[in-house]
Amino acid sequence: MNESSLAVSHSYANAQREKICEIFRESYDEVRWQDWRWQMRHRLTRPEHFDALLRLTTAERRGLTLAQEKFSVAVTPHFAALIDTDDPHCPIRLQVVPREEELVVGPGDMVDPCGEDGHSVVPGLVHRYPDRVLLLALDTCAAYCRYCTRSRLVSQGELDPLPRRLDPIIAYLREHTEVRDVLLSGGDPLMMSDDRLDTLLGRLRTIKHIEFLRIGSRVPSFLPQRITPEMVKVLRKHRVWLSLHFNHPREITPEVETACDLLADGGIPMGSQTVLLKGINDDVPTLKGLFHALLKIRVRPYYLYQCDPVVGTAHLRTSIAKGIELIAGLRGHTSGYAVPTYVVDAPGGGGKVPIQAETISGYDNGVWSLRNWAGETYTYTDPTER
Ligand SMILES: *Cc1c(COP(=O)(O)O)cnc(C)c1O
């Protein structure tokens, strides 16, 4: 794969934008297009919307009518404009357009693969690790990933509005002085208004033992226009870190670069999480292209996730052996900063387990045999104990 096949040409992208505007009987206007409110009002949600943009396959047509009832379908115009309309295997399309395979329940598929409900201490708060918690802020996103690990909650109305749940959450956190790290996720916390986000972060910041606040968000990929100087001000005020979500180098558009520049210049440290997905990013050139593109916009690849065994996602998952092979193709071959930790969120609530190819090939009497990135063996001798 070369650079040109990763990039969408400008004229092609503009033709796509015009086509999307036509679905809503509007003409393309650059200023309106770059307004996040316009983007949210013109999301592709109905089968007719997709039919007008793409040459749908039978599996997609069925997916769009049947999967819709199981888990919401929505794609922002920004993201939809990145789809190659003639290619049913387009890596952007596979992430957001449902297929009938979503209705298949494979062996080992689970509704709550990470066992979050079992570790829920009060509604909307998951406390699994000793010093950190996961706070589910809301259940909506700018667009819906077909492999969503929280499809049981997200867009389903299963999560009460935060104002109703917040007091018990704050009370729990005040009482649990061991919690020093709060990860806000959902849904996508950056779907909140600046004011609501400011209020929520402000309440968390009143708790003295909470040192570290981070937000997991796919807004920079799905709706980069939502990242505004006002939002950055709120994030900076509360010293928030961001964990973004990107899966393919084609997602790194000029708008995404602008959004990440605003964030990085505004002093917001950023990591990225990628889900390993079959036919989307399960090859070394695609992953390398993505991780290099992220470093260029000052986003550090943090985790590469083995896709959780959520019901109806078997068609998007690879084997763990594939993931190990891909990481081995990156480690040592490129900057360490460009190599995320490959993790499996252990089904049933075991938490994240890092996985990598064996690098220790032997140990004998204080001498370690180590395999390097090129497959050669070296030894390291421990200091003798006295
Ligand atoms: C991923 C996760 C965290 C954060 O884990 P880190 O490895 O610190 O990024 C915390 N709580 C839950 C329930 C999680 O799934």
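All figures in this text were calculated on a predicted structure; none of them were measured in a lab. For ligands, and for the atoms within them, numbers begin at 1 and follow the listed sequence.
Among protein heavy atoms, atom 7 (O) of ligand 1 sits closest to Y303 OH, 2.5 Å. Given atom 4 (C) of ligand 1, the protein heavy atom at minimum distance is R214 NH2, 3.3 Å. Closest to atom 12 (C) of ligand 1 among all protein heavy atoms lies Y129 CE1, 3.8 Å.
In the candidate list Q273, R132, K352, R132 is nearest to atom 8 (O) of ligand 1, counting heavy atoms.
In the hydrophobic clustering of ILVMFWY residues, with side-chain heavy atoms under 4.5 Å counting as a link, L201 and V179 come out together.
Partner L135 forms a side-chain contact (heavy atoms from CB on, under 4.5 Å) with one of L162, L213, I215 and no other, that one being L162. Remark: of the listed residues V232, V240, I297, V232 is the sole one forming a side-chain contact (heavy atoms from CB on, under 4.5 Å) with L263.
Interface of Y302 with ligand 1, defined as ligand atoms under 4.0 Å from a residue heavy atom, comprises 6 (P), 7 (O), 8 (O), 9 (O).
Separation of the W368 and Y363 ring centroids falls under the 6.0 Å cut-off.
Of the possible polar contacts, one joining the D29 side chain to the R32 backbone as a donor-acceptor pair under 3.5 Å is found.
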